[in-house]
Amino acid sequence: MRIATWNVNSLNARMPRVEQWLADVRPDVLCMQETKLADSGFPAMAFEAMGYESVHHGDGRWNGVAILSRIGLTDPLVGFEPGLEPDTDTRLVSATCGGVRVTSVYVPNGRSVDDPHYQYKLSWLGRLRSHLDTTCRTDGKVVVCGDFNIAPEDIDVWDPTAFIGSTHVTAPERDALAAVREWGLVDTFRQRYDGVEGLYSYWDYTAGRFHKRQGMRIDYLLASAPLAERSTVDLVDRNARKGTKPSDHAPVIAGYDVDAEDAEDAEDA
DNA sequence: ATGGTAGAGCATCTA
């Protein structure tokens, strides 16, 4: 099973590229972030014509997350589980796809460490941990993926000294991310490429960052142990960041050596 | 000198 995550930075602007990419790569599941669409504008029919069921959570100008699946899509849940403070700005959506509980997340940016949005980012990550605590089992097949807006380690940014005092690399952000991971999730990409520098998923549009290979690894797939133990592949599709009108993020793909289960067998996931 | 570019939408806000 192959699952991909891609911050498309406006699905309206990116639809031709997303359709081409789906036709070329045919992942079983694609999680998207920053669709910048209301639910009413989400092109579910176009994806259905390509064999993908979908669920979208968005309210218009900003954010917006989605899951596409060609191996079944059941039990969709938009936002956090009902017991928690609501996901008011549409940054989280979940669904069960082929026996895997998949969550697509767009973690708040934080803006700057002295901005209220930074505290919102930390509390949002705390809610994500609570959401996992109450809706998923650590011994089930669970993937939480998306744009986390956090570089887990200094090796995940092109120049750590360029980020001193900035968001995405601070200890509180990394601690909040670690608390999510410690629920029972593994960053298989970094496990596979332990110590390897220069592996990024995002490059700022400005200053020719992509061509200078000056990026950050802020998009990833976190897998529960039953999946992480069967990890087969992790990669970034840098080609999707090239050419005309690319997103500033590239798709990240993970593979797991598990068969898609029927929906009725997914209850224990 | 707080730069640069992209997207939404039409003045800025977000990233």
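We name chains A, B, ... by the order of the sequence lines, and we start the count at 1 in each one.
- Asp154(A) and Arg174(A) are joined by a salt bridge, as a carboxylate oxygen and a charged side-chain nitrogen come within less than 4.0 angstrom of each other.
- dT14(B) sits 15 Å from dC10(B) when the C1' atoms are compared, rounded to a whole Å.
- With both ends at atom C1', the span from dA1(B) to dA11(B) equals 25 Å, rounded to whole Å.
- The CG atom of Asp248(A) sits 9.0 Å away from the CG atom of Asp147(A) when rounded to the nearest 0.5 Å.
- Residue Arg111(A) is classed as a sugar-phosphate contact, given heavy-atom separations below 4.0 Å to backbone atoms only.
- To the nearest 0.5 angstrom, Thr188(A) atom OG1 is 12.5 Å from Tyr220(A) atom OH.
- The aromatic ring centroids of Trp124(A) and Phe80(A) lie less than 6.0 Å from each other.
- For the pair His168(A) NE2 and dA15(B) P, the computed distance is 9 Å after rounding to whole Å.
- When the nucleotides dT5(B), dA8(B), dC13(B) are ranked by their closest atom to the side chain of Ala13(A), dA8(B) comes out on top.
- Note on Arg61(A): every side-chain N or O is 4.0 Å or more away from OP1 and OP2 of dC13(B).
- What separates CG of Asp204(A) from P of dG3(B) is a distance of 13 Å, to the nearest Å.
- Computed from coordinates, the Asn9(A) CG to dG9(B) P distance equals 13 Å when rounded to whole Å.
- Among the atoms of the strands shown, only primed sugar atoms or phosphate atoms (P, OP1, OP2) are found under 4.0 Å from some heavy atom of Asn12(A).
- dA15(B) sits 16 Å from dT2(B) when the C1' atoms are compared, rounded to a whole Å.
- Spacing of C1' atoms, dG9(B) relative to dC13(B), comes out at 10 Å, to the nearest Å.
- Nucleic acid contact for Tyr106(A): sugar-phosphate only, since backbone atoms but no base atoms lie under 4.0 Å from a heavy atom of the residue.
- Candidate nucleotides dC13(B), dA8(B), dG4(B) were compared by shortest atom distance to the side chain of Ser10(A), and dA8(B) ranks first.
- No donor-acceptor contact under 3.5 angstrom links the side chains of Thr167(A) and Glu173(A), judged on distance only.
- Taking atom NE2 on His117(A) and atom P on dC13(B), their separation rounds to 15 Å, with Å as the unit.
- Applying the 4.0 Å criterion to OP1 and OP2 of dG7(B), one finds that Lys245(A) has a side-chain N or O inside that range.
- In this structure, His249(A) atom NE2 and dG7(B) atom P are separated by 12 Å, rounded to whole Å.
- Contact annotation for Arg241(A): no contact, since no heavy-atom pair falls under 4.0 Å across all strands.
- Asp147(A) has its CG atom 16 Å from the P atom of dT14(B), to the nearest Å.
- Taking atom OH on Tyr205(A) and atom C1' on dA6(B), their separation rounds to 5 Å, with Å as the unit.
- Both Arg91(A) and Thr206(A) lie close to DNA chain B; mapped to their nearest nucleotides by heavy-atom distance, the more 5′-ward contact belongs to Thr206(A).
- The nearest whole Å value for the distance from the CG atom in Asp219(A) to the P atom in dA15(B) is 14 Å.
- OP1 or OP2 of dG7(B) lies within a sub-4.0 Å distance of a side-chain N or O belonging to Arg14(A).
- Of all heavy-atom pairs between His57(A) and Leu92(A), the closest is CD2-O, 3.2 Å.
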